Student: 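Dropping the structure in here first, questions after.
All values reported here derive from a predicted model rather than from experimental measurement.
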There are 4 protein chains.
Amino acid sequence: MSPAAPDRRSQRLGHILACAARVFREKGYDGASVRDISRASGVSLSSLYYYCESKQKLLYLIAVGSFRTILERLESRLRGLEHPVEKLRMLVFNHLEYFLLHPDEMKVLVREEEALRGRYRKEVAEVKRQYFARTVQIFEELAHLTPLRETDARVAVLALFGMMNWTCTWYRPGRDPGPQELADRFVAIFLQGVLRDPAAAGLQPELEEVGAGDR
Amino acid sequence: MSPAAPDRRSQRLGHILACAARVFREKGYDGASVRDISRASGVSLSSLYYYCESKQKLLYLIAVGSFRTILERLESRLRGLEHPVEKLRMLVFNHLEYFLLHPDEMKVLVREEEALRGRYRKEVAEVKRQYFARTVQIFEELAHLTPLRETDARVAVLALFGMMNWTCTWYRPGRDPGPQELADRFVAIFLQGVLRDPAAAGLQPELEEVGAGDR
Amino acid sequence: MSPAAPDRRSQRLGHILACAARVFREKGYDGASVRDISRASGVSLSSLYYYCESKQKLLYLIAVGSFRTILERLESRLRGLEHPVEKLRMLVFNHLEYFLLHPDEMKVLVREEEALRGRYRKEVAEVKRQYFARTVQIFEELAHLTPLRETDARVAVLALFGMMNWTCTWYRPGRDPGPQELADRFVAIFLQGVLRDPAAAGLQPELEEVGAGDR
Amino acid sequence: MSPAAPDRRSQRLGHILACAARVFREKGYDGASVRDISRASGVSLSSLYYYCESKQKLLYLIAVGSFRTILERLESRLRGLEHPVEKLRMLVFNHLEYFLLHPDEMKVLVREEEALRGRYRKEVAEVKRQYFARTVQIFEELAHLTPLRETDARVAVLALFGMMNWTCTWYRPGRDPGPQELADRFVAIFLQGVLRDPAAAGLQPELEEVGAGDR
DNA sequence: TATGAATGAGTGTTCATTCAT
DNA sequence: TATGAATGAACACTCATTCAT
């Protein structure tokens with residue numbers, strides 16, 4: 001009725017979702033009870049249901065909200081960038097920045113993929129698919145620009161996602177590098193590997209490699 | 001008395017653990033009930049407790065057993081290898097082979113790190129720590145042999161583990177490459193990156209990099 | 001909001017506690033199941049837990065409530081009494097009256113001393129200790145007033161408690177005397193014994209005893 | 001077959017019963033599991049059932065055995081005693097001596113009266129009844145000899161049993177008097193009360209009491 | 001908008017007991 | 001004489017959710 005009403009409502013829901021994310025991170029989706037979330041948020045059990053109809057939907061809203069935010073920021077930041085390498089760098093930075101700023105949501109996104117059921121699951125999977133597809137697209141722009149060692153985009157991109165997503169199991173703020181530096185390191189490994197001089201390490205030189213591509 | 005007696009028992013426990021791993025993979029540790037495991041294994045609820053005293057211990061035995069197996073096979077396979085690159089390749093192959101052959105255990109190992117409590121948790125963490133330390137050791141042998149782009153062993157090794165462990169979320173046998181090929185690809189990315197010609201992609205040439213290594 | 005609300009809750013809890021006391025008396029604490037109490041009270045199992053968080057706490061509330069009531073009534077009834085003999089009589093009456101009016105709680109108090117654990121146990125033990133100390137105090141007032149045969153207050157008071165508490169194993173309303181008469185009899189035995197003429201029964205005469213008191 | 005066989009058997013059963021008594025004392029009948037008894041006795045669960053067919057029977061054997069022993073010793077010790085006061089003293093000593101020497105059995109006897117069911121319950125109740133009747137008989141011999149203040153034998157004897165049985169809740173060897181002294185004190189209280197000079201305490205003199213008996 | 005009260009189904013675990021060997 | 005293996009029933013307790021107010 002009053003124009004402030006819907007804001008109040010979504011603010012309160014936002015608070016609940018943030019607390020739910022924390023609880024889900026601490027105990028896992030199945031290990032967390034709605035009562036835990038009620039306690040953590042200071043919202044009574046029944047009020048909680050007034051704002052969100054089920055535990056599943058809490059997880060759904062957290063997941064979908066996070067992925068949408070990541071995707072939107074990515075598209076906005078990608079605007080104006082031309083070189084696929086720069087785009088890739090931006091994607092990794094965008095991903096890690098969100099993860100390191102929202103460690104609760106990050107862990108939930110990464111771990112609770114299969115906790116969602118039915119319609120919720122499909123919708124989240126669809127947003128994820130879009131995000132993955134966007135990454136593959138950038139990878140293939142790169143492939144068109146310069147020859148790649150790894151030509152299976154699926155495997156390559158999933159390796160990159162592995163590096164990024166696994167951070168949620170080990171990253172410790174303060175000890176580990178910030179999002180920009182971490183992104184640079186991951187991109188460097190992904191594009192050029194850890195060796196400065198592969199030949200010196202006994203690996204085939206670049207040119208032979210290219211030649212070997214003939215077989 | 002009969003020589004088969006102890007075998008019977010451990011065989012039966014082995015069967016239960018295999019079923020438990022499958023159920024844990026399907027539903028997650030917290031989402032799975034001991035009754036689910038009882039049903040899946042065909043062992044009555046109370047008999048199940050005759051073989052294993054708690055749900056926690058089921059998870060513990062799965063985790064510790066898997067890590068021990070991986071570590072033992074690794075050490076045995078490492079014997080005779082000299083070059084750090086070969087050692088690394090073997091480590092990645094050993095890891096992926098176990099994971100692809102035991103997808104249930106793999107997923108449990110990767111996801112349920114924090115489901116264990118108390119003594120069980122500590123013991124599993126210790127075996128993991130050993131495994132991680134072994135990998136860092138190989139990485140540093142490599143660093144002594146040839147200059148590396150990434151000098152932070154922790155970040156580099158965790159990036160590699162990210163690639164490997166993330167497979168449990170996407171790997172589909174039949175569609176995706178087998179353990180040997182996948183290992184080769186991951187090692188190639190890790191050591192040399194996906195680019196065949198970094199300079200052509202606008203990245204700094206090798207030699208300057210090498211020069212930078214003088215500081 | 002409505003003034004009746006908190007009353008409703010405590011009334012319902014009171015009903016549950018009364019039923020729990022009956023069930024505990026009939027089956028013992030360990031022999032009784034929470035389902036038995038649920039059935040006996042007509043309160044569903046989960047509602048029961050809504051009112052009281054654990055079986056232990058049910059017992060605790062019964063025990064602490066009873067002891068507090070007994071103690072409060074005792075102090076109120078003791079006010080105005082001067083002579084230790086009258087005080088003792090009142091204590092025994094107060095004790096037996098409560099027991100005979102609340103036979104379920106009585107039996108639980110007497111039998112389930114050790115069923116409680118941790119904090120609950122300590123708190124109940126503390127109230128009991130106070131009650132015992134109060135009785136010893138009255139006994140010692142008596143000892144100051146007139147020479148006693150039994151000078152070990154601990155043993156004497158415990159003998160008296162034995163008489164009183166043991167009633168819970170044999171008392172049958174209707175057949176046995178009411179609280180006032182029973183109290184009189186116990187006090188008479190405790191103070192003067194069952195013999196009217198100890199000398200005639202071959203026991204040492206009072207006067208020699210009194211003389212013996214000189215040593 | 002061999003003559004020693006039955007002895008072995010009953011020795012082993014005796015060991016089991018002693019351990020069972022200890023476990024029942026520590027945890028209560030319902031709180032104790034047959035596994036607890038198996039562990040405490042070092043006898044495997046199935047062997048335990050070979051020696052005694054049920055948990056109920058364990059309790060039954062403990063109870064019946066104890067009561068029989070107490071009764072037999074009592075009769076043997078009573079032989080030769082003439083004066084009812086001496087008989088009473090012997091009964092109380094006999095009772096306390098057994099209790100203090102067998103604290104486990106004592107506590108079980110006192111607390112687990114109602115844990116037994118059916119035939120077992122009846123049989124134990126019968127032995128108890130005999131024991132009670134024997135005490136009443138002695139009490140009435142005393143009543144014939146000398147006038148008593150308390151003429152209701154039931155209440156008087158139950159008061160005495162209360163003193164004796166309640167010891168199981170407070171007696172601490174070392175701190176509290178041994179069986180003979182404790183028996184003397186209890187008998188003194190029971191026969192003559194704690195007061196040396198009831199008149200001085202404001203209680204009616206003996207003779208008036210006797211006179212009052214006329215009404 | 002908010003919440004106290006309520007519940008049926010389910011949780012991990014233990015029980016006394018039996019049976020094949 | 002002895003015991004490993006097995007089980008159905010029960011245990012105390014928690015769950016996500018609903019509903020009347």
Student: Check whether any side-chain heavy atom of C:His102 lies under 4.5 Å from a side-chain heavy atom of C:Ser66, and answer yes or no.
Tutor: no
Student: Using the six-membered ring of D:Tyr50, assess whether NZ or CZ of D:Arg9 lies under 6.0 Å from its centre and within 45 degrees of the ring axis.
Tutor: yes
Student: Taking side chain as C-beta onward, heavy atoms only, is D:Gln56 less than 4.5 Å from D:Tyr29?
Tutor: yes
Student: Considering just the side-chain nitrogens and oxygens of C:Tyr50, establish if one lies under 4.0 Å of OP1 or OP2 belonging to E:dA6.
Tutor: no
Student: Return the value, rounded to whole Å, for the distance between atom CZ of B:Arg9 and atom P of E:dT21.
Tutor: 18 Å
Student: Starting at atom CZ of C:Arg8, determine the distance to atom P of F:dT21, rounded to an integer number of angstrom.
Tutor: 10 Å
Student: Sequence neighbours left out, what passes side chain to side chain donor-acceptor pair (under 3.5 Å) with B:Ser44? Give chain and number order.
Tutor: B:Ser47
Student: Take the C1' atoms of the five end pairs on each side of the helix from E:dA2-F:dT21 to E:dT21-F:dA2, get both axes, and report the angle to 10 degrees.
Tutor: 10°
Student: Report the distance from atom CG of D:Leu48 to atom P of E:dA16, rounded to the nearest whole Å.
Tutor: 11 Å
Student: OP1 or OP2 of E:dA6 sitting under 4.0 Å from any side-chain N/O of C:Ser44?
Tutor: no
Student: Roughly how many Å is it from NE2 in C:His15 to P in E:dA6, rounded to a whole number?
Tutor: 11 Å
Student: In Å and rounded to the nearest 0.5 Å, what is the CE to OG1 distance from B:Met106 to B:Thr169?
Tutor: 8.5 Å
Student: Would you say a side-chain N or O of D:Arg12 is under 4.0 Å from OP1 or OP2 of F:dA2?
Tutor: yes
Student: Could you tell me how far apart C:Lys27 (NZ) and F:dA12 (C1') are, to the nearest whole angstrom?
Tutor: 15 Å
Student: Do A:Leu59 and A:Phe24 have side chains that get closer than 4.5 Å, going by heavy atoms?
Tutor: yes
Student: Are any non-hydrogen side-chain atoms of A:Leu58 and A:Leu48 less than 4.5 angstrom apart?
Tutor: yes
Student: Applying the side chain to side chain contact (heavy atoms under 4.5 Å, CB included) test to D:Glu105, which of D:Thr69, D:Ile62, D:Val110, D:Leu17 qualifies?
Tutor: D:Ile62
Student: Taking CG from D:Leu13 and P from F:dT1, how many angstroms apart are they, rounded to a whole number?
Tutor: 13 Å
Student: With D:Glu114, which of C:Lys107, C:Lys27, C:Arg25 fulfils salt bridge (charged side-chain N to carboxylate O under 4.0 Å, His left out)?
Tutor: C:Lys107
Student: Atom pairs, N/O to N/O, protein against nucleotides 15-17 of chain F, distance under 3.5 Å?
Tutor:
{"from": "F:dA16", "atom 1": "OP1", "to": "A:Ala32", "atom 2": "O", "distance (Å)": "3.1"}
{"from": "F:dA16", "atom 1": "OP1", "to": "A:Val34", "atom 2": "N", "distance (Å)": "3.4"}
{"from": "F:dA16", "atom 1": "OP1", "to": "A:Lys55", "atom 2": "NZ", "distance (Å)": "3.0"}
{"from": "F:dA16", "atom 1": "OP2", "to": "A:Val34", "atom 2": "N", "distance (Å)": "3.0"}
{"from": "F:dA16", "atom 1": "N7", "to": "A:Arg35", "atom 2": "NH1", "distance (Å)": "3.4"}
{"from": "F:dA16", "atom 1": "N6", "to": "A:Arg35", "atom 2": "NH1", "distance (Å)": "3.4"}
{"from": "F:dT17", "atom 1": "OP2", "to": "A:Tyr49", "atom 2": "OH", "distance (Å)": "3.0"}
{"from": "F:dT17", "atom 1": "OP2", "to": "A:Lys55", "atom 2": "N", "distance (Å)": "3.0"}

